[in-house]
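In what follows, residues are counted from 1 in the order of the sequence shown. Only a predicted model underlies this, so the values are computations on that prediction, with no experimental measurement involved.
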Amino acid sequence: MTKKRSTQPTTEASTVAHCLCGCGQEVTRRYKPGHDARHASALFREWEAASAPQRVMVAERASQVLSPALMAKFRASAARAQAKAEAQARAVAK
């Protein structure tokens, strides 16, 4: 069986944008390779430094730009940080 060839071009002109991690490099996708993880780490550091109301906004922004896998890592890191902070608060209260 032979495959039919399309008469339309297979590639379209890619739109150039800036990497979402904030590095400023031009990309044809959302991130340069590895920069999605860099962005997730930066968002987590921002979340750690934020107050409780601001943390909600940082987490919302993260959910809008990160892949599901990186968002899961972001949530896991946030949960560990929250548990650690609660454990330290209990130790100080004793």
Colleague: Using links of under 4.5 Å between side-chain heavy atoms of ILVMFWY residues, direct or through other members, which residues join M57 in one cluster?
Modeller: none
Colleague: Would you check if there is a donor-acceptor pair between the side chains of R80 and S77 at a distance under 3.5 Å?
Modeller: yes
Colleague: Give the intermediate values and the outcome of side-chain contact (heavy atoms from CB on, under 4.5 Å) for residues H35 and R30.
Modeller: CA-CA 9 Å; H35 288 215; R30 294 165 46 114; over 6 Å; no
Colleague: Does any pair with a residue in residues 52-64 pass salt bridge (charged side-chain N to carboxylate O under 4.0 Å, His left out), and if so which ones, sequence neighbours excluded?
Modeller: E46-R61
Colleague: Just so I know, are the side chains of R38 and C23 near enough to count as touching, which here means a heavy-atom distance under 4.5 Å?
Modeller: yes
Colleague: Cluster partners of L70, using ILVMFWY side-chain heavy atoms under 4.5 angstrom, listed by chain and number?
Modeller: L20, Y31, L43, F44, W47, V58, V65, L66, M71, F74
Colleague: Which value, rounded to the nearest 0.5 Å, describes the distance between R90 atom CZ and Q88 atom CD?
Modeller: 10.5 Å
Colleague: Apply the test side-chain contact (heavy atoms from CB on, under 4.5 Å) to residues H18 and E26: give CA-CA distance (whole Å), side-chain angles for both, the deciding distance (0.1 Å), then the verdict.
Modeller: CA-CA 5 Å; H18 293 287; E26 291 184 349; 4.2 Å; yes
